[in-house]
Amino acid sequence: MFIDSHAHLEMSEFNRDLPDVVKRAADAGVGCIITVGTTLNDCRKALSIAARYEPVYVVIGVHPHEVKAIDEKTYDALRILAKNEKVVAFGETGLDFFRNLSPRDVQIRRFGEQLDLAEELDLPVVIHDREAHTETLNILKRWKGKKRGVIHCFSGDRAMARACLDMGFYISIPGPVTFPKSTRLREIVKDIPLERLLLETDCPYLTPEPHRGKRNEPAYVVHTARKIAEVKGISLDELANATSLNAKELFRLPIEIAR
Ligand SMILES: [Zn+2]
Ligand SMILES: [Zn+2]
């Protein structure tokens, strides 16, 4: 069984055919999908999807692109949503200095606040870092929280991977690991201990080969898994099992994983 540890099923790209998307995931052996709301409204939509589909769990928080919209009511609203039993983590929070859709100083401030809120809610954190490796690491190092969480769509270098692992984080690898040019990412994957590795699609984005160029969906996490198993020189079953157990452990998922 595979777990897609980071999807965005609530995004409009899935409005038309969500039931088929969820079914194709189940048919491909994806037993669990963690969907990540990026705005308060999308967090609510994610929870309504999780209420309809048993294998779907939810991460709530405000994405760095969207933090400029946070106001005095946002965090109380998230505190209320966090009581839903399908909520398994807080995020994605972090920094995106690639697109800078929210000003950098606002991103940094809201990242710190959201880390503290995750700690208050006793939820693991899902960290987004794009072109902001140094700042992300510095903030995580200074954070007094329990440092339970995952660096999703890992794009840092070997030293950053080491630093994140040393702090106790899991590292999640997305579809681009299947691209011919991603040699550097595959080298890093070799180094990450199997017991700290997660799989993700980040769908509808980052579609792996052989579907590159089309919309991504949770069923395609199997292609990412196959490439990682090949890189690590282990069987697909072993990789699927280890990464699913990791996700179960991190997100405290109430599911059975057959060994
Ligand atoms: Zn992200
Ligand atoms: Zn995401």
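Counting begins at 1 with the first residue of the sequence. Numbering of ligands and ligand atoms starts at 1, following listing order. Any value given below was found using the heavy atoms of this structure, including those in side chains, with hydrogens, waters and symmetry copies removed.
More than 12 heavy atoms of other shown residues, nucleotides or ligands fall within 6.0 angstrom of atom CZ in Arg52. Heavy atoms of other residues, nucleotides or ligands lying less than 6.0 angstrom from CD of Glu120 number more than 12. Atom CD of Glu54 has 12 or fewer heavy atoms from other residues, nucleotides or ligands within 6.0 Å.
The minimum distance between the Zn ion (ligand 2) and any N, O or S atom of Asp202 involves atom OD1. Taking the Zn ion (ligand 1) as reference, His128 places its N/O/S atom ND1 nearest. Taking the N/O/S atoms of Glu92 in turn, the shortest distance to the Zn ion (ligand 1) belongs to OE1.
For residue His8, an N/O/S atom approaches the Zn ion (ligand 2) to within less than 2.8 Å. In summary, His6 places no N/O/S atom under 2.8 Å from the Zn ion (ligand 1), failing the contact criterion.
A donor-acceptor contact shorter than 3.5 Å is absent between the side chain of Gln107 and the backbone of Leu95.
Ring geometry for His6 versus His8: interplanar angle over 60°, hence perpendicular rather than tilted (30 to 60°).
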